[in-house]
Amino acid sequence: MAYKPQYGPGTSKVAENRRNQMNPEVKLEKIRDVTDEDVVLIMGHRAPGQAYPTAHPPLAEQGEPDCPIRKIVAPTEGAKAGDRVRYIQFADSMLNAPSQPYQRTYVEMYRFRGIDPGTLSGRQIVECRERDLEQIAKDLINTNLFDPARVGIRGATVHGHSLRLAEDGMMFDMLQRCVLEADGAVKYVKDQIGVPLDKKVAVGKPMDEKWLGENTTIFHVLGGNPYRNDAEYIEYIQRIHSLRTKYGYMPKE
Amino acid sequence: MAETSYPQIRIVPARFLTPDTAEDLLNEILAKTGIRRIVLNGPRVPEIVPYGPARGTPNVVAQRREIEVQGETIKLQVQVGTILIELEDASPIPEIRKACETVLTNFPFTLQEGRFMRSSMTMTDYAKYGVVEDERILGMVDPKSKTRPVILQGNR
């Protein structure tokens with residue numbers, strides 16, 4: 001019988017959202033339309049329109065060794081062309097951001113190929129070949145994994161995920177890379193490492209509280225989704241904890 | 001040594017304040033009599049990027065501005081999140097609460113009484129700063145900082 005992933009336990013809305021984000025059969029909801037050029041500007045790895053710098057010659061030219069694994073695994077477009085490895089990093093507010101670092105890593109591992117995610121408490125980085133990255137970044141920004149106010153694209157100086165929000169609802173950012181403009185749209189004025197951009201890059205309007213509450217993947221009393229309300233999730237975590245504590249790396253009941 | 005008998009309060013708004021709101025709030029609070037010391041706490045927003053790839057470049061933050069409080073200009077180095085106040089006695093606390101209610105209308109805040117500033121040096125303080133001559137600033141700022149406290153004349 002083929003393995004059918006369950007993605008995660010839980011009967012709550014949060015658990016459901018987590019499963020929906022992870023399950024590649026569920027299409028991510030497209031909410032905004034940030035262009036390729038905008039994504040390139042925000043990431044700041046190359047100028048828009050510039051050719052992709054390479055780290056090695058294209059695979060077709062450099063001649064591959066005779067390797068059974070290379071015959072099984074088809075290279076991604078970026079790997080084929082010999083692109084550099086570049087990154088995008090997100091900081092997600094604990095106050096009902098639509099995705100969270102661990103969740104992001106699960107989502108990306110289920111949905112994308114050729115990636116190397118790194119998970120930390122307040123930020124999550126994903127590395128891959130540059131042209132693949134741009135496609136992935138566009139998916140991550142344009143869909144329901146992103147909110148302009150509660151999620152920040154931050155390559156460095158990421159502090160802010162666990163802090164209170166500013167008066168206008170934006171997550172704290174020491175470098176203030178994005179600003180909520182008078183027209184209600186959030187615009188990036190600096191790229192992800194904090195270098196000022198020549199033009200502002202709009203990433204759409206922040207989602208409202210109701211949407212955030214319904215689409216969040218974090219349990220948080222203040223966010224309206226307390227963890228204790230999901231008995232199944234607690235039972236599952238307690239079971240894992242108990243097995244790990246009692247049996248270490250040889251779990252059995 | 002800071003006297004331990006003075007009452008202290010802590011105001012924590014549910015959101016970080018913009019310089020405009022911080023200015024309004026401070027002007028409302030400082031119009032009351034009997035305030036000895038006040039500290040504005042919050043995450044720092046430096047003028048120069050201190051680390052990372054953009055290190056050393058000016059940190060352009062659209063919101064940043066100097067605020068005018070009781071005729072003195074204050075350069076905000078943080079995004080105001082918490083206000084600690086030391087009072088001469090507990091009598092102005094209801095008035096301060098009222099001032100907060102007047103300005104912080106869009107979100108809730110808490111006002112607590114307790115001890116929030118250092119009353120004596122800790123061993124770590126000695127290790128970091130040595131003997132601090134001006135003990136009034138203990139627990140308020142880094143004694144080695146070159147910026148000095150702003151002294152407001154008060155309204156007595």
So which of V60(B), V45(B), V49(B) actually passes side chain to side chain contact (heavy atoms under 4.5 Å, CB included) with L175(A)?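 Single pass found, and it is V49(B).
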Please flag which part of [X] lies under 4.5 Å from any non-hydrogen atom of chain A: side chain, backbone, both or neither.
X	value
R64(B)	neither
N59(B)	both
P13(B)	both
T18(B)	both

Counting only heavy atoms from other residues, nucleotides and ligands, does the tally under 6.0 Å from [atom1] of [X] exceed 12?
X	atom1	answer
Y106(A)	OH	no
R55(B)	CZ	no
K30(A)	NZ	yes
K205(A)	NZ	no
Y102(A)	OH	no

Output the distance between atom CD (E167(A)) and atom CG (L104(B)), rounded to the nearest 0.5 Å.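 E167(A) atom CD to L104(B) atom CG measures 8.0 Å (nearest 0.5 Å).
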Rounded distance (nearest 0.5 Å) linking atom CD of Q79(B) with atom CD of Q176(A):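 Answer for the CD-CD pair, Q79(B) versus Q176(A), is 7.5 Å.
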Kindly give the heavy-atom pair with the smallest separation between [X] and [Y], and that separation in Å.
X	Y	result
R164(A)	G81(B)	NH1-O, 2.6 Å
P50(B)	M174(A)	CD-CE, 3.5 Å
A156(A)	G52(B)	CB-CA, 4.4 Å
A54(B)	I193(A)	CB-O, 3.6 Å

In terms of heavy-atom pairs under 4.5 Å with chain B, which of V179(A), V195(A), L163(A), D173(A) leads?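 Highest number of pairs under 4.5 Å: L163(A).
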